[in-house]
Amino acid sequence: MLALMAASAAVTFCVTYRELADSQAVSPAAVKAEELTALIDRYFIDEYDETILSDGAAAGMIAATGDQWSYYISAADYRAYMEQMNNAYVGIGVTIEEDAEAGGFRIMSVVEGGPADKGGVQVDDVLIEVEGQNALELGQDATVELVRGREGTEIQLLFLRDGQRRSVTLTRESVATVVVSYRMEAGDIAVITILNFDSHSAQDTIAAVERAVSEGARGIVFDVRNNPGGMKDELVKILDRILPEGDLFRSVDYEGKEEVDTSDAECLDLPMAVLVNEESYSAAEFFAAALQEYGAAEVVGMPTSGKGNYQSTFRLSDGSAAALSIGRYFTPQGRSLTDVGVTPDVEVDLSDEDFARLYYDQLPPGEDAQLQAALALLQESP
């Protein structure tokens with residue numbers, strides 16, 4: 001999964017070379033690119049793929065700006081990028097993990113109500129063939145690509161369950177990614193895990209908060225560990241529900257224009273904690289920073305990554321795109337998190353083994369030292 005998120009609204013522009021050339025003098029970089037292309041076309045002795053060449057040139061140009069947060073998206077990767085931004089994809093609604101010993105890809109989860117669920121696919125089934133092709137020989141990326149496709153089309157799959165082969169024909173559908181999960185720990189402490197801040201994350205998070213309140217939760221732990229960020233608008237909606245009246249988020253764009261998002265007086269009056277780690281990125285960091293600066297929650301875990309620019313996505317004429325940093329953002333108190341991140345109030349590290357288990361959602365709550373530290377804080381709250 002690509003960590004391509006930024007705490008900014010998803011804005012897509014379409015630009016062409018002609019439009020740029022008409023609006024300004026052609027840059028030395030553009031001249032050089034044309035000269036190199038002409039030289040390769042004329043003199044290069046071996047075969048080459050023009051798409052790969054142009055993708056490499058574009059990616060190299062953006063990397064050469066020195067900005068660690070700007071990036072290039074090839075036309076081939078753009079669909080996956082938009083699926084991630086939308087928290088939805090067209091497929092069958094499963095996650096898979098390679099199991100070479102079993103001869104395929106083991107089903108790790110099945111989306112309730114999705115095509116696989118309706119077709120009787122179960123967790124621990126092993127996918128061994130897709131459209132008559134051996135799944136292991138295809139590899140995971142190619143298998144995923146083949147299973148996905150146009151909505152309403154059918155896909156033929158072969159599964160192994162308890163040594164028995166089972167052929168299933170499923171109809172691809174749009175499947176929403178589960179972004180927010182909710183559970184109770186320690187009796188009456190709600191744990192709300194937010195996987196990203198993209199489409200429908202605000203709606204789902206606020207619904208989880210309301211559920212916690214209705215069920216009489218004595219406190220809430222928000223878990224944004226390994227959260228790659230997302231859209232500013234989604235972040236602000238969540239903060240507006242949680243925090244009292246005041247500034248929530250500040251941004252300054254490439255023209256020097258400042259924008260300040262604010263909250264109304266309605267807020268969440270419960271003890272709270274936020275779990276963060278080294279992979280809490282962008283909007284996830286600003287979520288933790290805002291709650292910390294308002295004194296609304298204690299932050300537990302490890303210092304975050306320290307992202308301070310926001311990006312907009314510019315669609316290019318060949319279907320590829322460039323996500324460029326076009327501004328800087330700041331916490332409610334006006335602090336930049338660039339190369340600094342959020343410093344936890346209570347620093348708790350995980351072993352390398354536990355970090356990996358957390359990443360793959362295989363760390364039991366009772367063995368999660370960071371979660372247990374946060375629960376202890378809230379249990380001590382009056």
Kindly say whether [Y] contributes a backbone atom to a donor-acceptor pair with the side chain of [X] at under 3.5 angstrom?
X      : Y      : value
Glu131 : Gln156 : yes
Glu83  : Ala88  : no
Ser54  : Glu50  : yes
Thr153 : Arg150 : yes
Arg335 : Phe330 : no
Thr343 : Pro303 : no
Asp162 : Gln164 : no
Ser305 : Ser280 : yes
Gln311 : Ala323 : no

Mind jotting down which residue pairs meet the ring pair (Phe, Tyr, Trp, His ring centres under 6.0 Å) criterion with at least one end in [range]? Sequence neighbours excluded, please.
range            : result
residues 109-154 : none
residues 193-233 : Phe197-Phe287, Phe222-Phe287
residues 159-186 : none

Margin query: Could you go through Leu53 and Ile40, starting from their C-alpha distance and side-chain angles, then the distance that decides it, and tell me whether this counts as side chain to side chain contact (heavy atoms under 4.5 Å, CB included)?
Written below: CA-CA 10 Å; Leu53 185 71; Ile40 293 170; 4.2 Å; yes
Any donor-acceptor pair under 3.5 Å linking the side-chain atoms of [Y] with those of [X]?
X      : Y      : answer
Asp240 : Ser263 : yes
Asp77  : Ser74  : yes
Tyr281 : Asn196 : no
Asn277 : Asn226 : yes
Glu151 : Ser174 : no

Give me the atom names and distance for the closest heavy-atom approach of [X] to [Y].
X      : Y      : answer
Gly91  : Pro115 : O-CG, 3.6 Å
Leu127 : Ala135 : O-CB, 3.8 Å
Gly301 : Gln370 : CA-NE2, 3.8 Å
Leu275 : Ala374 : CD2-CB, 3.8 Å
Pro228 : Ser282 : O-CB, 4.0 Å
Met61  : Ala29  : CE-CB, 4.3 Å

Taking the side chain as every heavy atom from C-beta outward, state whether [X] and [Y] have any pair of such atoms under 4.5 Å apart.
X      : Y      : result
Ile326 : Asp253 : no
Leu39  : Thr37  : no
Leu243 : Cys267 : no
Leu239 : Phe249 : no
Met231 : Met85  : yes
Thr331 : Leu337 : yes
Leu378 : Val221 : yes
Arg225 : Glu279 : no

Suppose we screen for side-chain contact (heavy atoms from CB on, under 4.5 Å). Which residues come up paired with [X], at least two apart in sequence or across chains?
X      : result
Val144 : Ile96, Gln140, Arg148
Ala321 : Ile73, Tyr78, Thr313, Arg315
Glu185 : Arg183, Val191, Pro365, Leu375
Asp67  : Thr65, Trp69, Ser70, Asn309, Ser325

More than 12 foreign heavy atoms under 6.0 Å from [atom1] of [X]: is that the case here?
X      : atom1 : result
Phe44  : CZ    : yes
Tyr48  : OH    : yes
Asp49  : CG    : yes
Gln362 : CD    : yes
Glu210 : CD    : yes
Arg161 : CZ    : yes
Asp41  : CG    : yes

How is the hydrophobic cluster of [X] composed, in terms of its other members, when Ile, Leu, Val, Met, Phe, Trp and Tyr link through side-chain heavy atoms under 4.5 Å apart, directly or indirectly?
X      : answer
Val178 : none
Val175 : Tyr89, Val111
Leu160 : Val126, Ile128, Leu158

Margin query: Applying side chain to side chain contact (heavy atoms under 4.5 Å, CB included) to Lys307 and Gln68, what does each step give before you reach the verdict?
Written below: CA-CA 9 Å; Lys307 184 174 186 292; Gln68 60 184 307; over 6 Å; no
Should the pair [X]-[Y] be classified as a salt bridge under the 4.0 Å nitrogen-to-oxygen rule?
X      : Y      : value
Asp261 : Lys232 : yes
Arg250 : Glu258 : yes
Arg357 : Asp354 : yes

Check: If you round to the nearest 0.5 Å, how far is CG of Leu235 from OG of Ser201?
Finding: 8.5 Å
Under 3.5 Å, side-chain donor or acceptor atoms of residues 100-110 against the rest of the protein: list the pairs with distances, not counting sequence neighbours.
residue : atom : partner : partner atom : Å
Arg106  : NE   : Asp99   : OD2          : 2.8
Arg106  : NH1  : Asp124  : O            : 2.9
Arg106  : NH2  : Asp99   : OD2          : 2.8
Ser109  : OG   : Thr95   : OG1          : 2.5

Next item on the list: For side chain to side chain contact (heavy atoms under 4.5 Å, CB included), just list the numbers for Val130 and Ile155, CA-CA rounded to whole Å, side-chain angles, deciding distance to a tenth of an Å, and then say yes or no.
Entry: CA-CA 8 Å; Val130 181; Ile155 180 78; 3.8 Å; yes
Checklist line | Stepwise side chain to side chain contact (heavy atoms under 4.5 Å, CB included) test for Glu98 and Leu136 | finding: CA-CA 8 Å; Glu98 183 175 335; Leu136 276 183; 3.8 Å; yes
Next item on the list: Any pair with a residue in residues 111-120 that passes side-chain hydrogen bond (donor to acceptor under 3.5 Å, both in side chains), sequence neighbours left out, goes on the list, sorted by first then second residue, please.
Entry: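 Matches after skipping sequence neighbours: Lys118-Glu173.
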